[in-house]
Amino acid sequence: MKIEAHPHPVNEARREQILADPGFGLHFTDHMVLAEWTVADGWHDVRVQPYGPLSLDPATAVFHYAQEIFEGLKAYAHDDGSVWTFRPADNAARMQRSARRMALPELPADLFLEAVDTLVRTDVAWVPRGAETSLYLRPFMFASEVFLGVRPAEHVTFCVIASPAGAYFPGGLKPVSLWLSEEYTRAAPGGTGAAKCGGNYAASLAAQQEANQHGCAQVVFLDAVERRWVEELGGMNLYFVRDDGSIVTPQLSGSILAGVTRDAVHTLLDGLGHKVEERAVGIDEWRDGVRSGEVTEVFACGTAAVVTPVGRLCWRGGEVDSSVTHAGAAGPVTAEVRQALVDVQYGRAADEHGWMHRVV
Ligand SMILES: *Cc1c(COP(=O)(O)O)cnc(C)c1O
């Protein structure tokens, strides 16, 4: 891969200042990876170059028809100085599935992995070292052909950028409150819900505004047909802990995004001796279950926030709170599986499932 080093990288003092309190998605490293695809030449011109604006013609197809997909994964620094990513091959495979759904060309998995590894190695000084910090990696692909006709683009660009990320819960795990969207849905059968595409996020933002207006941080979406089955949040999957000890997560329905974290949590819970079921979960099972005490914990999971306890579920005319029995903190199963996951990611627990990939 061609590497063009940044002529004026961010100086060390400024970088250390950023890494001391990076937040999320605010600061970007010195470099990015780019690659081009055309019908004639396939994938080519893979390169690392200085991070900076892309110059795009206003008629570039992605601006008009949103033919775009993305991924999200993290690089973690271990105490011995090594740097690792978590299940990157799963992100590569998911990006291929998303590409097929959005009529984009599949990126070969080895090229995806090489792009991510090369960016992390080039900008390794940007991997934060503090507790539960990471370098968030954002691979994405978009229709870069200049053409207003409606058909799959014949020129596509793949890019990877990286952004240092702080601890999501620096002050300890705080339950999030959720707004039940009864008007809007996220994804319908036959739609794009299982693809990680920007369009799904665009379509979720009006519901997100509604959530914010009602004092909630995130939206819960129901299935689009019966408006009865719990699907997921705008960008996280859901788990429910029941008082009989069983744990349930909505089964992949074709309109739910198959989270890598969701899958890892299932495996870890199995290993911790819990019984996990993947099946349909009705919204009444949640509402009535919290009221009756049959549902003892609810948590959301995804790469960015790892495992997040859920507190209030609000809708027009009511709310229930699954965190009151845990004094507004994370319940025991939520805390246990979260710890098990971050211990593997930060190299403090044995990687029994071969999930970690060493980059540096
Ligand atoms: C990315 C995403 C998730 C979480 O997936 P992870 O691989 O665990 O990060 C869940 N739901 C949606 C809609 C997403 O886009």
Side-chain angles (χ1 to χ4, degrees), residues 24-25 66 68-76 85-99 101-102 109 112-113 116 134-141 160 162-163 165 168 176 178-179 181 184-188 191-205 207-208 211 217-224 229-239 249-269 276 278 281 298-308 310 334 337-338 340-342 344-345 353 355-357:
F24 183 82
E68 187 268 357
I69 57 176
F70 66 95
E71 273 301 325
L73 69 165
K74 286 172 169 176
Y76 307 87
T85 51
F86 181 75
R87 300 181 65 171
D90 292 75
N91 296 92
R94 186 169 66 191
M95 191 165 219
Q96 293 182 331
R97 296 198 301 274
S98 299
R101 179 62 185 85
M102 301 304 286
F112 179 101
L113 297 172
V116 168
S134 58
L135 184 65
Y136 184 78
L137 301 159
R138 168 54 61 86
F140 60 105
M141 186 193 289
V160 191
S163 175
Y168 210 86
V176 287
L178 304 181
W179 174 251
S181 180
Y184 304 108
T185 57
R186 193 191 80 91
T192 57
K196 207 166 177 72
C197 63
N200 289 341
Y201 282 71
S204 76
L205 296 177
Q208 177 72 33
Q218 297 274 327
V219 181
V220 180
F221 289 102
L222 300 176
D223 79 286
W229 305 106
V230 176
E231 296 231 300
E232 58 172 320
L233 310 188
M236 282 192 272
N237 298 113
L238 281 166
Y239 271 87
T249 190
Q251 74 199 29
L252 298 179
S253 61
S255 49
I256 292 178
L257 197 286
V260 177
T261 318
R262 173 185 179 277
D263 189 75
V265 162
H266 187 152
T267 303
L268 290 170
L269 286 170
V276 185
E278 299 198 15
V281 179
V298 182
F299 65 85
C301 62
T303 296
V306 196
V307 168
T308 304
V310 171
T334 305
V337 75
R338 183 180 197 286
L341 179 55
V342 296
V344 173
Q345 290 171 333
H353 306 286
W355 285 339
M356 303 306 291
H357 167 74

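What you see below is based on every heavy atom in this structure, not just the backbone, and it leaves out hydrogens, waters and symmetry mates. Order of listing sets the numbers, starting from 1, for every ligand and every atom in it. Please read all numbers here as calculations on a predicted model, not as lab measurements.
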Show the distances, to 0.1 Å, for all pairs joining an N/O atom of ligand 1 and a protein N/O atom that are shorter than 3.5 Å, listing one pair per line.
from, atom 1, to, atom 2, distance (Å)
ligand 1, 7 (O), R94, NH1, 2.8
ligand 1, 7 (O), R94, NH2, 3.1
ligand 1, 7 (O), V260, N, 2.8
ligand 1, 8 (O), V260, N, 3.3
ligand 1, 8 (O), T261, N, 2.9
ligand 1, 8 (O), T261, OG1, 2.6
ligand 1, 9 (O), T303, N, 2.9
ligand 1, 9 (O), T303, OG1, 2.6
ligand 1, 11 (N), E232, OE1, 2.5
ligand 1, 15 (O), K196, NZ, 2.6
ligand 1, 15 (O), Y201, OH, 2.5

**Prompt:** Where does the angle between the aromatic ring planes of W355 and F86 fall among parallel (under 30°), tilted (30 to 60°) and perpendicular (over 60°)?
**Reply:**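 Perpendicular: the ring planes of W355 and F86 meet at over 60°.
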
**Request:** Grab the two heavy atoms, one from V116 and one from T85, that are nearest each other, plus how far apart they are.
**Result:**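 Closest approach of V116 to T85, heavy atoms only: CG1-CG2, 4.5 Å.
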
**Asked** Taking all atoms of both residues into account, what is the closest heavy-atom pair of V310 and A300, and its distance?
**Response**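 Shortest heavy-atom contact: CG2-N, 4.0 Å.
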
**Request:** Indicate yes or no: at least one non-hydrogen side-chain atom of N237 is less than 4.5 angstrom from one of V265.
**Result:**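 Not in contact.
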
**Asked** Short question: side chain of Q218, backbone of L233 - any donor-acceptor pair under 3.5 Å?
**Response**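 Not confirmed, Q218 side chain does not pair with L233 backbone.
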
**Item:** Exam field: side chain Q208 to backbone A217, donor-acceptor pair closer than 3.5 Å
**Value:** yes

